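Whatever order the structure lists them in is the order used to number ligands and atoms, beginning at 1. As the structure is a computational prediction, the values presented were derived from the model and not from experiment. This chain uses plain numbering: 1 for the first residue, then up along the sequence.
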Amino acid sequence: MERKGGSGTSWKGLNRNLTNYGDRDFSAFLRSSFAKGLGYTRSATNRPIIGIAQTWSELNPCHGHFRELAAAVKRGVLLAGGLPVEFPTMSLGEMFVSPSAMFFRNLLAMETEELLRAQPLDAAVLLGSCDKTIPAQLMAAVSANVPAILLPGGPMLDGYFEGETIGACTDCRRLWTEFRAGRLTTEQLDQVSDALAPSTGHCMVMGTASTMACLAEALGMTVLGAAAAPAPLAERFRLAEMTGYEAVRLANDPLRPSDILTPEAFENAIRVLCAIGGSTNAVIHLTAIAGRAGIALRPSDFDRVSRQTPLLVALKPSGIFQMSDFHRAGGVPAVLHQLRPLLHLNTRRISGRALAEELSERPVTGDGTVIAHLDHPLAPEGGISAVYGNLAPHGAILKHSAATRSLLQHRARAHVFHSYDALLEAADADKDQINPEDALVLGGAGPLGGPGMPEVGNLPIPRALLRQGIRDMLRISDARMSGTAFGTVILHVCPEAASGGPLGLVHTGDEVELDWEHRALTVLVDDRELERRAIEGHRPAVPERGYARLFAEHVLQADEGCDFDFLRPSPQPE
Ligand code: FES
């Protein structure tokens, strides 16, 4: 029920979340006076107020069109009778922040959550795109639990190099590797550089940004069909207008993230992740978002759903297509149609309607080339596995769909590195010490050690081996990997080396074994010897001040989504 103040003031709209001056009526008077200072009439501020969280920045090309996108959202809000108000939050351009955008994901989540709670908003539109933005915004929305809808910014258009379609960043890494192997000239590399990011929008393969946009849609936090339309298309701007319209409906009929983000919604999202061959980073992000809702996801949950979910989408790096093809083939709604027998169809979407109802209004499109039919999948299972063992007691992740089959059952001599720089130096040294059947092992690149778990898990193949034509070998680390990369790469080893995990106890020359069939990752060293090595181990120093200190003192491990411990809800008493 709407509450009224002594003067008949409504505490909704502009009077929501009043600044504390000791007298609420005075605070409301002051705020309305200063809203007039913004040029708003009383008639404007009496409407539902829709905040638009703006993440545009000149240091974030993926969000380069966000001012125009916000204008389209505003049009939708105005047409529906609301008052749109745009406010800035930090912008995380993946290649433009150090040490990694992941290091700042929780900071963006905190900032967005607090602004959603602190400002006079009846509902909010969250404009997200580049890798960490959508996860951070969903984490914020869950914790603030205010009516909020997400609008993904859409992928870039395709790039072209020597007659071939190329996509960031599957082809960034592939072609860089060719350059390192001496098969691409500096001039050719320059042409690649011109073509990798040909328009605004996020990376156009099934990397982390595309994956998280698809998962936000699968979770029900966007309008149906919001993920795939490329950023420069008119359709993207129509989606923005629709999102603005929907936000006003949300303000009038409040539905909160807690009504939408149920365990069933997360299971649907994991299923879509597996069917689209999505990024391993989504394992961390979905775990963090679910954790905010008090729902515990573990690496084994992803493995379980992956075993039951066929791979349907042939996008890079698992296939040959890009997001523009996915869009033409029907995008996420087409995937959801195929997955119908495996989904919880009664989950509610941001519209307030059930998934089944919304899907029934979307025609099934596509000929099965880009999005395969459920009875003719690209692979019988999804591409993500979780492995456990004495090397990863809390689990590690492997994208087996992007791995070399023969390396999935493999025992290898470990070459251990405690920093990426040391690994890079060895990889470039051209010394013939590392054999193709060996394993590269990197510790110190996890949430604490990185810090911020950089995307270095796709450890570089030594140059000497590249020249022999070797493009993959077993690699193990506590780092993440770009969703666009490929290889037999074991990631997110947990607990990480810097927190005392066994990964930090492996020595060069030890044998390590991946037994993918049994989901086992082992170092063949007896427990006593590992205990002895643990006593000699040391932890990294905690930074003295600021956000880096907050991060070091509170970041959780990968199996808990790398969230901060104090941002998760306290366990409810039994
Ligand atoms: Fe922004 Fe790839 S750099 S999504």
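Near atom 2 (Fe) of ligand 1, less than 2.8 Å away, sit the protein N, O or S atoms Cys203 SG.
No donor-acceptor contact under 3.5 angstrom links the side chains of Arg256 and Asn145, judged on distance only. Side-chain contact of Arg236 with His65: a donor-acceptor pair under 3.5 Å is absent, judged by distance alone.
Every residue two or more places apart in sequence or in another chain that forms a ring pair (Phe, Tyr, Trp, His ring centres under 6.0 Å) with His400 is listed here: Trp516. Applying the salt bridge (Lys or Arg N to Asp or Glu O under 4.0 Å) test to Arg568 and every residue at least two apart in sequence or in another chain returns Glu560. Phe104 pairs by the ring pair (Phe, Tyr, Trp, His ring centres under 6.0 Å) definition with Tyr547, not counting sequence neighbours.
Just one of Asp478, Ile284, Leu556, Val555 meets the side-chain contact (heavy atoms from CB on, under 4.5 Å) condition when paired with Pro447; it is Val555.
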